[in-house]
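The model shown is predicted, which means the values in this text are computed figures rather than measured ones. Lettering of chains follows the sequences in order, A, B, ..., and the numbering in each one begins at 1. In what follows, every heavy atom counts, from backbone to side chain, and hydrogens, waters and symmetry copies are set aside.
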Amino acid sequence: MKRRDFLKFSGAVCAALASLSLDSKFVKTVSASTMRKDLPGSLGAEEIPSVCDMCFWRCPIVAKVKDGQVVKIEGNPRSPANGTAICARGNAGIQFLYDKDRLKYPLKRAGARGEGKWVRISWDEALDEIAYNIKKVKEKYGPHALAFFDHGSSAAFFREIFEALGTENFSNEPAFFQCVGPNLLAYLYTLGYQAVDPAKVDMAEAKVIILFGSHLGENVQVSLVKSMVEGLAQGAKLIVVDPRFSVAAGKADIWLPIRPGTDLALLLAWINYVIQHDLYDREFVQNHTYGFEKLKKAVQKYSLSWAAEICDLPEEDIRKAIDLLARHRPHVCIHPGRHSAWYGSQDVNRHRAMAILTGLLGTVGVKGGFYFPTEPPLEKVSFLAGEHEEIEPPETSLKDDYPFAELFHGSPTAEIIKATRTGEPYPIKLWGVCGVNVIQTIPNPYQTMEAIKKLDFIFCVDILPTESVLWADIVLPDATYLERYDGFYVGKETRCYVALRQPAVKPLFESRPAYEIAKDLAKRLGLKPRYERVEDWLEAQLKPSGHSLKELKKTGLFTYPAKPYRSREELSFNTDSGKFEFYSEAFADEDLPPLPEPDFAPAPPKGYARLLYGRVPVHTFAKTMNNVWLHFEWPENHLWVNDEVAKRLGLKTGDEVILENQDGYRSERPVKIFVTPGIRPDAVYLPHGFGSRSPMLKTAYGHGVSDTFLVTHYEQDPFMGASSHRNNFVRFIKDGKVLSIPELRPVPKELSRFEIRKRV
Amino acid sequence: MSQWAMVIDLDRCVGCHACAIACRAEWKVPVGEGYRRNWVKRLGPARTPYGMAFTFYPGLCNHCDTPVCTTVCPVDPEKREFKDPKTGKKTAIFIRATYKHPFTGVVLIDKERCIGCGACVEACPYGARYLNEELDEPKADKCTFCFERVTRGEEPACVKTCLARARIFGDLSDPNSEVSRLVKKAKRMVTKEVNLGPNVYWVGQEKDLYLLMQQAPKERTWENV
Ligand code: SF4
Ligand code: SF4
Ligand code: SF4
């Protein structure tokens, strides 16, 4: 800014100004209680308790409303999970609600698929068209030709519709087959309960916390971050296993910058070390576990020095870490992480090994370790009335190759896309998509787009015109979470609660709450919604709780007693053996490894670095990049490059490079690099979700680079068919020249090398 | 006299930016280059003499003991009466359009008298102010320690939303307050060149404070204003 010539006119302006003192004015407004909404900031606003939906964590909130506008969002102080705290995204929910680019009316495609050319149509027309196409496809190709991709609260109602239509592909939450599935499965088959979503670990009470690649702090889920920070403030030690120096690593006592894809070596060696050195919990192992002797035998050859070489870590550090963990058992937290579809074949096993370590240290049902969820006093009431027939599986199911896919809703995403592209083993001709940007979420978006081109019909229910929405034949504008009711959200943490999402304001434009949309669609398909009014549906669920909807509308939530811990006498496990399972007969029966075995990701091809990705704390997936406040905080992503590598290549922070992956795909534009010692030389790190390709997202469009468009290679895990994301590699292009990444760390002979396929 | 202050605990802060957005929402800070009352800068990962560090600079106005922003304000001083929000006691002092509140030590802007010249914005060595040119008549704006909220019994917006309870707000004149206890081992952002008696403090690991202090101002900007 330039120095201004203000003295000239300041006197005149001042004289013209009113001479009221600030303080006397403020005292006046306070006393006039009728003017409460005229108080500054969000003071004096009407407060409507609800539940956040800026990410899937769903923290209880209070929406503050003045003159029919949401002016502020805060945490619900009654919430035992987050209290008054909400994250950046939760705070920025207002700009989601008032996003200028929101979908405003039902739309019908007028151009080619993917072009985003539409005409406005009426709700009746839009729903008629969808119902007509669903019926037509079902009649012609059978129910399995229908597939539904979903995420978030709105999707629940449509999922029931697709299930009632009889398709085995009635749900494809990227949450399972792209993300948390292998992890869920591993813990389910070891501990016998769903311990992972949300992570049922009690970090606030732990003496030692270990994170494997989990980047809490950058990945923000309020109650989890709070509990980690509380634990650390109480003196917990922190061990972080991560090729990158994450925010958590910055707070860690031990950082283990592991070679990506070799975690199983570290885990197997630790398991063996704990057994050999008699550091395990004998009482727990003797009385509560299954298969210890087999485990002991299977791991006996894995030494710390063996792991040190494979993982490229100092042996001293890995010994220190395991000693620290073992010394403080059982009050140690071996965090299960969340996203686990990393490398394919090893994913379930890697999490099994983490769970096994948990059992050896006896850290189950105790403070600081895994706790047990407590079910809420709610009645399960489906959205649709009446019994539906069991889904009749097709002759060849998309789950046939994956014995444990059955546990999850729907079929493996990669199989659905394959079937849609090729018509094998059966044709898929119609997609419904709700709340998920399939193009920026699923590996190899080129195949996803190719699949969409083959469809007879695709419709999207969403709030913003994402790149996936651009491909839709019919687009339905959903109301945001601040404008609608949804199912209850249950927090089954160490303190339990049931929270209500309710509208703070009326839906804007012609958008409608998902419940209403689904209801009208169901009727057109000959299905019967149980309740006309969403409030009645909610009230019916509350029956056993003794609470009423009226009360919840005021308080936002009720708490109920939790029983997170168990004495050793009380411990029981809901597994086949009734014990904590080191050895899995169920896996053995399916010819899958009953015990974790060495299984390492191949090293990068010469000249390439492994592409790692993750979150930034102000964004959710690829969902929030158009939010003007969040965009202001974090408009684009930067590529983390190791400082030694950068030096060799003559690059510095701020330089721009194009990324080219192993299949020859290039980033849509150059990305700025961030040079740091905080990443290994054999990997680069690109925050996820940027590089929007939808020109209708005017804030997000053209900023940063999409990691998903560089994840073109994937492998499916043999248990459930989840698609891996981390076997992709990049090199740089600068000024038209290829820059090969130097190999600074030796690759041991145990590791294979990724082979580059023929160029596209 | 009281002095409101804030201590930010870098051991707790995870750099989530919630504080920045809560403030923007509470005070309707428009989106625009440099428009913010508080901010979170990311520092590192980088090597320090104390080991590898990755920390944050959650910054805001320091509500300095001897603010330069108020002295450069060209608006003619006028006499105003102020009330102690705690005791109700009154006093009258001469103030320019921006001034240090006599009972709380908070540095405030009288928006009705601010002429939007930007002198204070330029003077602050911490970059704690911005000129809001989205208004019909531009006005300077900055952190008020949420004066309006605090005097009504609410916490500052950033403090209330902080996931990590990393921001501790209170009154230094109260020896029993958490801030009074914490400032004893806390650091302020002062350098040889610039020391205005800031009332925002930081605690944390040595390596994190080392990175943070690299952000401390060395340039005496106000002398060119
Ligand atoms: S973690 Fe943040 S975005 Fe997710 S639900 Fe909680 S407040 Fe909302
Ligand atoms: S809200 Fe708290 S934890 Fe988040 S960046 Fe601000 S000070 Fe740090
Ligand atoms: S930090 Fe800057 S704006 Fe705040 S009181 Fe000090 S000089 Fe003034």
Side-chain angles (χ1 to χ4, degrees), chain A residues 1 3-4 6-7 9-11 13-14 17-24 26-27 30 39-43 71-75 82 84-88 90-92 94 216-218 220 222 225-226 229 232-233 245-247 249-251 255 617-618 628-630 632-634 676-679, chain B residues 9 11-12 14-18 20-22 24-28 31-32 35-36 40 44-47 52-55 74-76 78 80-83 97 108 110-113 115 117-119 121-122 131 146 148-149 151-152 154-155 157 160-166 205 207-208 224-225:
Chain A
M1 196 189 355
R3 177 182 158 85
R4 290 168 195 230
F6 45 76
L7 290 166
F9 59 90
S10 66
V13 176
C14 285
L17 285 170
S19 60
L20 253 179
S21 113
L22 286 180
D23 279 17
S24 60
F26 127 52
V27 171
V30 171
L39 292 178
S42 69
L43 291 163
V71 294
K72 184 87 188 295
I73 301 171
E74 293 178 354
N82 60 312
T84 60
I86 50 169
C87 75
N91 271 289
I94 300 170
L216 274 177
E218 284 148 300
V220 175
V222 172
V225 172
K226 265 177 97 88
V229 171
L232 296 180
F245 196 80
S246 59
V247 166
K251 302 188 186 305
W255 172 46
V618 311
V628 290
W629 288 350
L630 299 175
F632 180 85
E633 291 300 312
W634 213 306
T676 172
I679 182 138
Chain B
D9 185 345
D11 282 350
R12 285 178 164 269
V14 294
C16 72
H17 297 237
I21 308 262
R24 188 174 296 280
E26 184 68 37
W27 301 116
K28 294 201 166 61
V31 166
Y35 282 27
R36 74 273 181 292
V40 181
R47 288 194 188 86
M52 186 107 79
F54 189 2
T55 193
V75 173
D76 292 333
E78 282 182 32
R80 287 286 182 280
E81 189 176 83
F82 291 92
K83 215 164 96 178
L108 295 169
D110 180 345
K111 290 287 170 69
E112 308 204 3
R113 289 170 66 222
I115 55 167
C117 69
V121 177
E122 223 175 318
L131 191 67
C146 280
E148 298 85 342
R149 285 170 64 97
T151 49
R152 286 172 182 82
E154 265 279 10
E155 284 178 306
K160 190 168 187 187
T161 203
C162 178
L163 320 183
R165 286 207 300 120
Q205 304 180 72
K207 60 177 189 174
D208 293 343
N224 319 314
V225 177

Do you know the tightest heavy-atom contact between [X] and [Y]?
{"X": "A/Pro617", "Y": "B/Cys16", "answer": "CB-CA, 3.9 Å"}
{"X": "A/Cys87", "Y": "B/Ala18", "answer": "C-CB, 3.6 Å"}
{"X": "A/Pro677", "Y": "B/Ala46", "answer": "CG-CA, 4.0 Å"}
{"X": "A/Asn91", "Y": "B/Thr161", "answer": "ND2-OG1, 2.9 Å"}
{"X": "A/Phe632", "Y": "B/Tyr35", "answer": "CZ-O, 3.7 Å"}

So, the part of B/Ala22 with a heavy atom under 4.5 Å from chain A: the answer is both
Cut-off 4.5 Å, heavy atoms of chain A, and the answer for B/Cys162 is backbone
Would you say B/Glu26's side chain and A/Ser42's backbone share a donor-acceptor pair under 3.5 angstrom?
yes
Presence of salt bridge, B/Glu154 and A/Lys72, under 4.0 angstrom:
no
With chain A, the option among B/Asp208, B/Thr55, B/Val40, B/Val14 that has the most non-hydrogen atom pairs under 4.5 Å is B/Val14
If you tally heavy-atom pairs under 4.5 Å between each of B/Leu163, B/Asp9, B/Val31 and chain A, the highest tally belongs to B/Leu163
With sequence neighbours left out, the residues meeting side-chain hydrogen bond (donor to acceptor under 3.5 Å, both in side chains) with A/Lys251 are none
Between B/Pro45 and the options A/Thr676, A/Val247, A/Ile679, the side-chain contact (heavy atoms from CB on, under 4.5 Å) test singles out A/Thr676
Distance col, row A/Ile73:CD1 vs B/Ile21:CD1, nearest 0.5 angstrom, shows 11.0 Å
So, the part of A/Ile94 with a heavy atom under 4.5 Å from chain B: the answer is side chain
Applying a strict 4.5 Å limit to non-hydrogen atoms, the region of A/Phe245 in contact with chain B is both
Self-check item: B/Arg36 vs A/Glu633, side chain to side chain contact (heavy atoms under 4.5 Å, CB included): CA-CA, chis, key distance, verdict
Solution: CA-CA 10 Å; B/Arg36 74 273 181 292; A/Glu633 291 300 312; over 6 Å; no
Most heavy-atom pairs under 4.5 Å with chain B, out of A/Gly90, A/Gly250, A/Ala88, belong to A/Ala88
